[in-house]
Visitor: 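Take this structure first; my questions come after.
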Amino acid sequence: MLDSGLFLMAMLACLSVMVLVSVWKQKVRGKLPPGPTPWPYIGNYLQLNTKDLYSSITELSKRYGPVFTIHLGPRPVVVLYGYDAVKEALVDQAEEFSGRGEQATYNTLFKGYGVSFSSGERAKQLRRFTITTLRDFGVGKRGVEERIQEEAAYLVKMLQGTGGKPIDPTYYLSKSVSNVINSIVFGDRFDYEDKEFLSMLHMMGQINRFAASPMGQLYDMFHAVMKYLPGPQQQIIKNTQELEDFMIRKVKQNQSTLDLNSPRNFIDSFLIHIQEEKNPSSEFHMKNLVMTSLNLFFAGSETVSSTLRFGFLLLMKHPDVEAKVHEEIDQVIGRNRQPQFEDHMKMPYTEAVINEILRFANFAPLGIPRKTIKNTTFRGFFLPKDTEVFPILGSLLTDPKFFPNPKDFNPQNFLDNKGQLKKNSAFVPFSIGKRFCLGDGLARMELFLFFTTILQNFRFKFPKKLEDINASPKPLGFTRIIPSYTMSFLPI
Ligand code: HEM
Ligand SMILES: *[C@@H]1O[C@H](CO)[C@@H](O)[C@H](O)[C@H]1NC(C)=O
Ligand SMILES: CC(=O)N[C@H]1CO[C@H](CO)[C@@H](O)[C@@H]1O
């Protein structure tokens, strides 16, 4: 047993050292863009609403303009607000802003390894390898299209099994969507009842919800201390370990049956690349393999399934939109064959609806944190190497200059007066620049095929009154979490 007095002393000593270090750091950091005055160690914690960081940041932008600095606990973060600032940084100075910032919850798991949460040379090599290998396994081609069609057919069968009773669609959707990326990473889909698979999905959901919660925001600021304290973060730390162990097991299984001449999946291709690279400082090693595979599993599951789940809710709230999508499906695809991706070219209305769902969902309102990978001058400010940066994607997706009445759900945002699809340069749900979502093509194909296949087979029914549909995801921390709800799928 640890003596509690001793523990308290140690904690206090720890805290005072941290305060001193953070005061010292602020001194040497030099001139970052202006912003609210931070307290030592706790930074702007008292001025920011951890229940709704996005709104706090929007308020601050009214006072400080498009480029300012906030302190999340001891961490200074440069905020880029609005189209011009975000584009100038992420596109015009793409290389400088190509690093990945910290996010404590995910960092507990990834620790700077794997494609999503690494920076510099490591990120560059893993990103190139990941994109090429996904393509080798059919992403962007007929191969993956067939896989999605097959999974969508399983989903339809499962939904038919509900007999029109109200259900919570969350796990139906996440199991199906996750299986698309699974069959690329592992070479096989999981059975919908597979216990291990369900437990992985469950733990991943817990981690995502924690990262978005006020507690997650707190952990993000003060993880250096909180990881030693009791609290919900301990469950998350445990989950991350289990997810890592799960992936290590999967890799070992495949390693023992590896055929160097015929890779069966992403893991095999990575294993082969490890053997080919003789350079001891190579980025192709076990840790990066495990973490990159976990990145794909994470990034490829929740995002698309939450978008679909949110889309259903919005369609129930806007029955006129649902009716028009049904009409377009009837005209272009009909009832007798499965939708294929090619159909999207003839279905501008459905495409506009999917875009509007992505815009309205605004899943990563603060963007996924970036950092500068070298000393950078930006709009007259000096951002030293490793300065954290939040490109506030939500400020583009809700900019009234680009989307009149941004708070309304309106597919017309993406249609011209001839009913054709219209581009909009502030439409950046997948971000922009060197680290933009590398799964954007896959995501779009999945969204189109799942969406149309389900709507071809079902009408939606909300068991409560339409007015009771709360179609605004809580504007929480890093990602927005769509509230749970139940609905019925009525066969057509
Ligand atoms: C609706 C679906 C999706 C949305 C809204 C979305 C959004 C995003 C955003 C905003 C980023 C941050 C980019 C940046 O920092 O500039 C990102 C990164 C990423 N996404 Fe997606 N994504 C989606 C689906 C997917 C899918 C299906 C995959 C599977 C392959 C995927 C894989 C990734 C990866 C690996 C990264 C990290 C890229 C890097 O750091 O270089 N995403 N995504
Ligand atoms: C970056 O800036 C820091 C602090 O101003 C300076 O000490 C360092 O030498 C610079 N690094 C490079 C590579 O210019
Ligand atoms: C042949 C082989 O061992 N491949 C396996 C790789 O791992 C996945 C997931 O465990 C299995 O489904 C494959 O059969």
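Below, all heavy atoms of this structure are taken into account, side chains as well, without hydrogens, waters or symmetry copies. One-based numbering, in listed order, for ligands and for the atoms of each.
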Visitor: May I ask you to establish whether Arg128 and Phe284 are in a cation-pi arrangement, using a distance under 6.0 Å from NZ or CZ to the six-membered ring centre and at most 45° from the ring axis?
Guide: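 No, a cation-pi geometry is absent between Arg128 and Phe284.
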Visitor: To check your reading of the model: name the closest protein heavy atom to atom 36 (C) of ligand 1, its residue, and the distance in Å.
Guide: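 Of every protein heavy atom, Ser116 OG, 3.9 Å lies nearest to atom 36 (C) of ligand 1.
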Visitor: Under 4.0 Å from any heavy atom of Thr307, which atoms of ligand 1 are there?
Guide: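 Answer for ligand 1: 1 (C).
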Visitor: Might you list the protein residues in contact with ligand 2, defined as having a heavy atom under 4.0 Å from one of its atoms, sorted by chain and number?
Guide: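 Protein residues near ligand 2 are Asn375, Phe382.
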Visitor: What residues, two or more places apart in sequence or in another chain, satisfy salt bridge (Lys or Arg N to Asp or Glu O under 4.0 Å) together with Lys317?
Guide: none
Visitor: So which pairs with a foot in residues 136-146 pass salt bridge (charged side-chain N to carboxylate O under 4.0 Å, His left out), sequence neighbours left out?
Guide: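 Salt bridge (charged side-chain N to carboxylate O under 4.0 Å, His left out) check on residues 136-146 returns Arg142-Glu145, Arg142-Glu146.
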Visitor: Which atoms of ligand 1 are found less than 4.0 Å from any heavy atom of Arg370?
Guide: 14 (C), 15 (O), 16 (O)
Visitor: Which ligand 1 atoms, with their elements, are less than 4.0 angstrom from a heavy-atom of Leu358?
Guide: 1 (C)
Visitor: Under 4.0 Å between a Lys/Arg side-chain N and an Asp/Glu carboxylate O for Asp188 and Arg264?
Guide: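 The answer is no: the pair does not qualify as a salt bridge.
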Visitor: Taking 4.0 angstrom as the limit and counting only heavy atoms of Ser431, give me the atoms of ligand 1 inside it, by number and element.
Guide: 13 (C), 14 (C), 16 (O)
Visitor: Considering Lys124, Arg444, Arg435 one by one, which has a heavy atom nearer to atom 39 (C) of ligand 1 than any of the others?
Guide: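 Closest candidate by heavy-atom distance is Arg435.
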Visitor: Taking the six-membered ring for Trp, are Phe246 and Phe197 closer than 6.0 Å centroid to centroid?
Guide: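 Between Phe246 and Phe197, the centre distance exceeds or equals 6.0 Å.
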Visitor: Parallel, tilted or perpendicular: which one describes the rings of Phe297 and Phe186, with boundaries at 30° and 60°?
Guide: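 It falls in the perpendicular class, over 60°.
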Visitor: Could Arg359 and Phe402 be counted as a cation-pi pair, given that NZ or CZ must be under 6.0 Å from the ring centre and within 45° of the axis?
Guide: no
Visitor: Using a 4.0 Å cutoff against the non-hydrogen atoms of Arg127, which atoms of ligand 1 qualify?
Guide: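 Ligand 1 atoms under the 4.0 Å threshold to Arg127: 38 (C), 39 (C), 41 (O).
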Visitor: Are Glu95 and Lys124 close enough for a salt bridge, meaning some N to O gap below 4.0 Å?
Guide: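 Yes.
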Visitor: For atom 21 (Fe) of ligand 1, report each protein N, O or S atom nearer than 2.8 Å, sorted by chain and then by residue number.
Guide: Cys437 SG
Visitor: Who's the nearest protein heavy-atom neighbour of atom 10 (C) of ligand 1, and how far?
Guide: Pro429 O, 3.5 Å
Visitor: Please state whether the rings of His318 and Phe409 are parallel, tilted or perpendicular, taking 30° and 60° as the class boundaries.
Guide: tilted
Visitor: Heavy-atom contact under 4.0 Å between Phe363 and ligand 1?
Guide: no
Visitor: Testing Arg147, Glu151, Glu150, Arg189 for side chain to side chain donor-acceptor pair (under 3.5 Å) with Ser183, which one passes?
Guide: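 Only one of Arg147, Glu151, Glu150, Arg189 forms a side chain to side chain donor-acceptor pair (under 3.5 Å) with Ser183, namely Arg147.
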